[in-house]
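See below for the structure under consideration.
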Amino acid sequence: MRKVGTSEAKTRFSALLDEVARGETIIITRRGRPVAWLTPLEVPDRRSAIAAATTLRDLRKRIGWATTEEILQMRGQGRR
């Protein structure tokens with residue numbers, strides 16, 4: 001993570017976007033104070049979405065339907 005002033009960000013915006021696309025996070029500052037972050041987007045891939053849906057379906061088959069209160073209780077038990 002590095003810091004870049006607003007004037008440099010303005011003149012090098014395209015190059016900064018290239019760096020962000022490669023995974024770099026850049027903080028844009030104005031008079032030394034952070035005002036914005038340039039961070040890479042995390043676009044979920046199709047495989048991870050399908051895996052999550054499959055996991056939820058399997059869980060529903062095992063435990064059946066649950067109320068919100070039951071789900072919150074299960075979540076609480078997992079934290080202990």
Side-chain angles (χ1 to χ4, degrees):
M1 187 175 346
R2 69 184 183 100
K3 295 180 181 180
V4 174
T6 53
S7 61
E8 182 182 354
K10 180 180 172 185
T11 57
R12 298 193 55 238
F13 189 69
S14 184
L16 293 175
L17 287 179
D18 290 340
E19 291 179 36
V20 170
R22 289 191 298 269
E24 182 80 26
T25 296
I26 298 171
I27 297 174
I28 299 176
T29 62
R30 179 183 292 147
R31 296 185 186 111
R33 296 178 128 177
V35 293
W37 281 355
L38 289 178
T39 60
L41 272 176
E42 293 184 24
V43 179
D45 64 354
R46 184 172 171 78
R47 281 181 279 148
S48 64
I50 291 171
T54 302
T55 301
L56 289 173
R57 279 191 211 103
D58 293 344
L59 181 62
R60 188 183 315 152
K61 287 177 187 175
R62 276 199 327 253
I63 66 170
W65 291 97
T67 66
T68 303
E69 186 176 309
E70 291 170 329
I71 293 170
L72 292 174
Q73 286 175 349
M74 285 186 273
R75 182 186 71 177
Q77 289 172 358
R79 292 182 178 176
R80 292 182 188 141

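Just so you know, residue 1 is the first one in the sequence shown, and it goes up from there.
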**Asked** To the nearest 0.5 Å, what is the distance between CZ (Arg22) and CG (Leu17)?
**Response** 11.0 Å
**Message:** Between Glu69 and Leu72, is there a side-chain heavy-atom distance shorter than 4.5 Å?
**Reply:** no
**Request:** For the residue pair Leu16 and Arg2, establish whether any side-chain heavy-atom pair is separated by less than 4.5 Å.
**Result:** yes
**Message:** Distance check, rounded to the nearest 0.5 Å: Ser7 atom OG versus Arg30 atom CZ?
**Reply:** 11.5 Å
Mind listing the side-chain donor-acceptor pairs of residues 31-43 below 3.5 Å, one per line with the distance, residues two or more places apart or on another chain?
none

**Prompt:** Considering only heavy atoms from C-beta outward, does the side chain of Thr54 approach that of Asp58 to under 4.5 Å?
**Reply:** yes
**Request:** Look up atom OG1 in Thr55 and atom CZ in Arg57, then write down how far apart they are to the nearest 0.5 Å.
**Result:** 9.5 Å
**Atom pair CD1 (Ile28) and NZ (Lys10), whose distance is rounded to the nearest 0.5 Å** = 13.0 Å
**Prompt:** To the nearest 0.5 Å, what is the distance between CD1 (Ile26) and CZ (Arg12)?
**Reply:** 7.5 Å
